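Report on the structure given below.
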Amino acid sequence: MLTSKFSIPEIIFGHGSLAYTATCARRLGGEPGFFVSAPGLEQAGWVGRDFDSLDADALEGVFFNNVTANPRDHQVSEGATRYMDEGCDVVIALGGGSPMDAAKGIALLASNGGTVQDYEGANRIQRPLPPMVFIPSTAGSGADISQFAIITDHRRHVKMSIISRTLVPNISIIDPTVLTTKPRDLIIAAAIDALAHAVESYVSRLAFALTENQSLKAIDLIIKHLPAALKTGSLEALEQLGIAATSAAMAFSNASLGMEHALAHSLGGMLDVVHGMVHPVLLPPVMRYNLQACPEKLADIGEIVIGKRRCSAEATALAGIDQLAGYCHSLKIPTRLRDIVTDRATLPQVCRMAANDACLLTNPRDATWEDMLQICEDAW
């Protein structure tokens, strides 16, 4: 058995754990803290509640919210300048993948200098980052757990993957209560994002026993609890989705992802497509493409999805993929590429860009940009 590493942050999980933000921040560093979030979370009241925690502990905080979906390099640069001008220390992020990735980028530039582009790729960060405390507001992105940061280069229209152990936050505070204000479409997008993380990490070329267990657990929890979360909005179901997202993040952070995420990054960078909307469209066809390379593993996933084993690994895998595609369709979310991309003529360029994405390296089956274009055409 090969020796592998498994990196995760300290995790504080439970209802009301948001109240521990100040305690964790103070334990890790000085003040003022640099607090990154997004306007939607301000409107929902969660930013105010978290600042109440800081105020109660007399911890000074500097607030930064110039963050959009698919966060831009210039937003990260602006945040890093503000961080340094204010003499900040610990970085606190509350939000989905966009605020958390932006916060990682800000911490990176504040400590290492240069531009975000200098760190594109794997293991290019030389100096330690400031301490980071992250609070996810969705059960999906896994940015609070992972050693990935995804930042858009707005000039090249490329979503850059930055990968380094130093990007793993020190502490992740996971409070399922924050999920209760999420609208139905965001719960779905986050859950399918976590499902894609779990599926791709399970079949990744770098998967090993510790990641595989987390991947399968995440798939099982999402299949079982997403329907209840959508139907009733129960805190128990949302908590299980939070556990699933955390497990999936542990898996993909250490095993990486595959072709579907390479395409998702390219679509997001070029066309500003919302990340969570790509997976219901492309995950099933990418799984079909990968079937010949890992039939037994896709059969393991199929058995969870359909609840039983068919006569062969291939039959079980295909039944699972078909049921997953049908389930996404039943949610009344986009399941065809034409629903999220307006110009079919851009697909060759999207696929050429995806061919350079680091996630493609760990896909279980080799793929050219032409192979990916065929998948996109089939999904159109």
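As the structure is a prediction and not an experimental result, all values here were calculated from the model.
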Inset, instruction - Give a yes or no answer on whether the side chain of Thr362 reaches the backbone of Leu257 with a donor-acceptor pair at less than 3.5 Å. - result: yes
Inset, instruction - Give me the ring orientation class for Phe63 and Phe35: parallel if the planes are under 30° apart, tilted from 30 to 60°, perpendicular past 60°. - result: tilted
Legend entry - Side-chain donor or acceptor of Ser266 paired with backbone N/O of Ala262 under 3.5 Å: no
Inset, instruction - If a pair satisfies ring-ring contact (aromatic ring centres under 6.0 Å, His included) and one of its residues is in residues 306-348, list it, with sequence neighbours excluded. - result: none
Legend entry - Phe51 atom CZ, over 12 foreign heavy atoms within 6.0 Å: yes
Legend entry - same_hphob_cluster(Ile135, Val91) at 4.5 Å side-chain heavy-atom cutoff: no
Inset, instruction - Using the side-chain contact (heavy atoms from CB on, under 4.5 Å) rule, pick out the option among Val203, Leu318, Val199, Leu282 that qualifies with Met287. - result: Val199
Inset, instruction - State whether the side chain of Asp144 and the backbone N or O of Pro136 hold a donor-acceptor pair below 3.5 Å, judged by distance alone. - result: no
Inset, instruction - Using modelled atom types only, decide if a donor and an acceptor are shared between the side chain of Ser37 and the backbone of Gly95 within a distance under 3.5 Å. - result: no
Per-pair distances, 0.1 Å, donor-acceptor, side chain in residues 40-48, under 3.5 Å, sequence neighbours excluded:
{"unit_1": "Glu42", "atom_1": "OE2", "unit_2": "Asn65", "atom_2": "ND2", "d": "2.5"}
{"unit_1": "Trp46", "atom_1": "NE1", "unit_2": "Thr181", "atom_2": "OG1", "d": "2.8"}

Legend entry - Partners meeting ring pair (Phe, Tyr, Trp, His ring centres under 6.0 Å) with His157 (sequence neighbours left out): none
Inset, instruction - Please check if atom CD in Glu212 has more than 12 non-hydrogen atoms from other residues, nucleotides or ligands closer than 6.0 Å. - result: yes
Inset, instruction - Decide whether Ser204 and Ser256 meet the rule of one side-chain donor and one side-chain acceptor closer than 3.5 Å. - result: no
Legend entry - Arg288 atom CZ, over 12 foreign heavy atoms within 6.0 Å: yes
Inset, instruction - Could you tell me whether a side-chain N or O of Gln323 sits under 3.5 Å from a main-chain N or O of Val305, the two making a donor and an acceptor? - result: yes
Inset, instruction - Quick one: which residue pairs count as a salt bridge (Lys or Arg N to Asp or Glu O under 4.0 Å) with a foot in residues 85-96, not counting sequence neighbours? - result: Arg82-Glu86
Inset, instruction - Spell out, as yes or no, whether a donor-acceptor pair under 3.5 Å connects the side chain of Glu60 to the backbone of Glu31. - result: no
Legend entry - Which residues share a side-chain hydrogen bond (donor to acceptor under 3.5 Å, both in side chains) with Glu78, sequence neighbours left out: Asn66
Legend entry - Polar side-chain atom of Asn254 near backbone of Ser7 as donor-acceptor pair, under 3.5 Å: yes
Legend entry - Backbone N/O of Ala379 and side chain of Arg336: donor-acceptor pair under 3.5 Å: yes
Legend entry - Pairs where residues 229-244 contributes a residue and the test salt bridge (Lys or Arg N to Asp or Glu O under 4.0 Å) is met, not counting sequence neighbours: none
Legend entry - Test salt bridge (charged side-chain N to carboxylate O under 4.0 Å, His left out) applied to Asp57 - qualifying residues, sequence neighbours left out: Arg26
Legend entry - salt bridge (Lys or Arg N to Asp or Glu O under 4.0 Å) partners of residues 363-372, not counting sequence neighbours, each pair once: Arg205-Asp366
Inset, instruction - Ignoring hydrogens and angles, state whether a donor on the side chain of Tyr119 or Asn112 is under 3.5 Å from an acceptor on the partner side chain. - result: no
Legend entry - His275 and Asn70: side chain donor to acceptor below 3.5 Å: no
Legend entry - Residue list, salt bridge (charged side-chain N to carboxylate O under 4.0 Å, His left out) with Arg338, at least two apart or on another chain: none
Legend entry - Under 3.5 Å donor-acceptor, Ser253 side chain and Met250 backbone: no
Legend entry - Pairs satisfying ring-ring contact (aromatic ring centres under 6.0 Å, His included), at least one member in residues 76-101, at least two apart: Phe34-Tyr83
Legend entry - Sequence neighbours excluded - ring-ring contact (aromatic ring centres under 6.0 Å, His included) pairs with any residue from residues 348-380: none
Legend entry - Under 3.5 Å: donor-acceptor pair, side chain of Asn290, backbone of Pro364: no
Legend entry - Whether over 12 other heavy atoms sit under 6.0 Å from Lys217 NZ: no
Inset, instruction - Could you note down all residue pairs passing ring-ring contact (aromatic ring centres under 6.0 Å, His included) where residues 236-258 supplies at least one of them, sequence neighbours left out? - result: Phe148-Phe252, His197-Phe252
